[in-house]
Amino acid sequence: MSFSIVGVIAAVAIVGCTGCLMGFFLCFASEKFKVEVDEREDAILEVLPGNNCGGCGYAGCSGLAAAIVKGEAPVNGCPVGGAPVGAKIGEIMGVEAEETVRKVAFVKCAGTCEKAKKDYEYTGVEDCRAMAYVPGGGPKACTYGCMGYGSCVAACPFDAIHIVDGIAKVDKEACKACGKCVETCPRHLIELIPYEAKLAVACSSEDKGPKVMKVCEVGCIGCKLCEKQCQFDAIHVLDNVAHIDQEKCTGCGACAAKCPKKIITMVG
């Protein structure tokens with residue numbers, strides 16, 4: 001019995017000594033190898049909205065805060081916080097935040113269920129990216145149009161985009177321009193445009209007019225009538241589809257009024 005007690009005491013002593021040595025080593029290592037965190041990084045992190053959406057190009061808000069302190073990212077690098085947050089971070093960093101233009105996502109397609117034709121009825125996984133593995137790239141006859149299966153909806157962390165009548169629609173006020181929907185759309189139909197933009201072209205088809213008219217009632221036919229109406233050189237047809245230079249556009253509406261397909265639409 002006494003032999004067993006001595007053995008237990010010895011085992012406890014050994015384990016205790018080992019634990020103390022490991023604790024001492026860990027404390028020493030933590031002090032030796034600790035990374036000093038700039039106080040400004042914590043201050044910036046408190047100002048950032050905390051959505052961790054990645055719209056800034058970094059791995060969450062902590063990644064952006066670290067990049068700003070290192071001078072690798074601008075103080076107004078958060079698209080969600082916008083100018084107000086940029087100004088606060090500028091104060092922390094002791095610099096003036098550059099003026100930024102608020103942006104919003106816009107879906108370049110107006111081919112709703114009534115306007116766009118289908119080649120066949122589809123039943124299966126409802127994910128836009130999965131359409132790359134089905135015949136014709138999906139049931140929609142226009143291979144450039146919105147497929148309406150909501151991959152962008154699932155990607156949006158702000159509930160700012162929804163499928164309405166077969167196509168994605170952006171809630172302008174809820175959108176934070178994080179760019180998640182832009183990255184997700186396999187057909188690259190979504191772009192970020194200025195929040196103050198008045199007009200945009202709701203089509204991305206690069207097919208020629210006759211082919212476009214066979215598959216969609218409202219697709220851009222590349223007629224260039226919009227070009228001829230614009231007095232500000234703000235709209236041009238490239239690859240058979242009209243594009244608006246938002247920096248030049250005044251929102252006068254002359255191009256929209258002349259468009260035979262009414263595909264140049266008011267934003268919002």
Side-chain angles (χ1 to χ4, degrees), residues 53-55 79 103-195 197 199-222 238-244 256 259-268:
C53 62
K103 293 190 175 183
V104 65
F106 177 76
V107 182
K108 298 181 289 183
C109 181
T112 61
C113 296
E114 295 180 355
K115 304 297 183 181
K117 296 180 181 179
K118 286 186 177 182
D119 287 331
Y120 58 88
E121 290 298 323
Y122 169 78
T123 56
V125 177
E126 294 192 353
D127 182 273
C128 300
R129 292 162 295 189
M131 294 301 104
Y133 305 98
V134 303
K140 205 165 192 175
C142 176
T143 57
Y144 293 92
C146 177
M147 293 175 276
Y149 292 117
S151 293
C152 54
V153 176
C156 180
F158 304 102
D159 192 35
I161 188 167
H162 300 91
I163 302 301
V164 180
D165 198 14
I167 58 173
K169 291 285 187 180
V170 176
D171 181 338
K172 185 176 179 179
E173 300 306 321
C175 179
K176 304 300 181 182
C178 70
K180 286 293 184 180
C181 58
V182 177
E183 296 174 5
T184 301
C185 180
R187 290 188 172 175
H188 311 293
L189 289 173
I190 308 174
E191 66 177 351
L192 297 180
I193 63 175
Y195 177 85
L199 299 166
V201 181
C203 183
S204 293
S205 178
E206 295 181 2
D207 287 332
K208 293 183 178 180
K211 187 173 182 179
V212 172
M213 291 189 288
K214 287 182 180 179
V215 298
C216 184
E217 294 179 16
V218 292
C220 178
I221 56 176
L238 303 172
D239 296 323
N240 300 314
V241 62
H243 296 271
I244 294 177
C259 177
K261 292 297 181 178
K262 304 304 177 186
I263 199 61
I264 304 174
T265 61
M266 295 293 295
V267 180

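Annotation for Glu173: atom CD counts as buried by contact number, over 12 foreign heavy atoms lying within 6.0 Å. In Lys262, the NZ atom is crowded: over 12 heavy atoms of neighbouring residues, nucleotides or ligands sit closer than 6.0 Å. Within a 6.0 Å radius of NZ in Lys103, no more than 12 heavy atoms belonging to other residues, nucleotides or ligands are found.
Under the 3.5 Å distance criterion, the side-chain polar atoms of Ser204 are left unmatched by any main-chain donor or acceptor of Leu189. Judged by distance alone, the side chain of Lys180 and the main-chain N or O of Cys53 form a donor-acceptor pair under 3.5 Å. For the pair Arg187 (side chain) and Thr143 (backbone), a donor-acceptor distance under 3.5 Å is present. Looking at Thr112, its side chain never comes within 3.5 Å of a backbone N or O of Asp165 through a donor-acceptor pair.
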Next item on the list: I would like to know whether Val125 and Tyr133 meet side chain to side chain contact (heavy atoms under 4.5 Å, CB included); could you show each step before the answer?
Entry: CA-CA 11 Å; Val125 177; Tyr133 305 98; over 6 Å; no
Next item on the list: Dump the intermediate steps for side chain to side chain contact (heavy atoms under 4.5 Å, CB included) on Val107 and Ile167, then the final yes or no.
Entry: CA-CA 9 Å; Val107 182; Ile167 58 173; 5.7 Å; no
Notebook entry, point to check: Step by step, would you call Tyr144 with Val215 a side chain to side chain contact (heavy atoms under 4.5 Å, CB included)?
Noted result: CA-CA 11 Å; Tyr144 293 92; Val215 298; over 6 Å; no
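One finds the CG atom of Asp127 at 8.5 Å from the CE atom of Met147 (value rounded to the nearest 0.5 Å). The NZ atom of Lys261 sits 10.0 Å away from atom NZ of Lys115, with the distance rounded to the nearest 0.5 Å. For the atom pair NZ of Lys169 and CG of Asp171, the computed distance is 12.5 Å after rounding to the nearest 0.5 Å. We find the SG-CG distance between Cys142 and Asp119 to be 10.5 Å, quoted to the nearest 0.5 Å. Atom SG of Cys220 is separated from atom CD of Glu206 by 11.0 Å, given to the nearest 0.5 angstrom. Between the CD atom in Glu126 and the OG atom in Ser151 there is a gap of 10.5 Å [rounded to 0.5 Å].
Between Arg129 and Thr184 the shortest side-chain heavy-atom distance falls below 4.5 Å. Leu192 is not listed as a side-chain neighbour of Tyr195, based on a closest heavy-atom distance of 4.5 Å or more. A 4.5 Å side-chain heavy-atom check between Val212 and Asn240 finds every atom pair outside the cut-off. Counting heavy atoms from C-beta outward, Cys109 and Lys140 have side chains that approach closer than 4.5 Å. At a threshold of 4.5 Å between non-hydrogen side-chain atoms, the residues Ile161 and Ile190 count as touching. In this structure, Met131 and Pro139 have side chains that are in contact, with non-hydrogen atoms separated by less than 4.5 Å. For the pair Glu114 and Glu217, the minimum side-chain heavy-atom distance is 4.5 Å or more. Inter-residue side-chain proximity for Val104 and Ile193 is flagged as met; some heavy-atom pair is nearer than 4.5 Å.
Contact between Tyr120 and Pro135 at its shortest, heavy atoms only, is OH-O, 2.5 Å. Taking each heavy atom of Cys128 and Gly150 in turn, the nearest pair found is SG-N, 3.8 Å. Here the shortest heavy-atom pairing between Ile221 and Pro260 reads CD1-CG, 4.2 Å. Between Ala168 and Cys146, the shortest heavy-atom contact is N-SG, 3.4 Å. Nearest approach of Ala200 to Val267, heavy atoms of both residues: CB-CG2, 3.7 Å. The two residues Cys203 and Gly219 make their nearest non-hydrogen contact at SG-CA, 3.9 Å.
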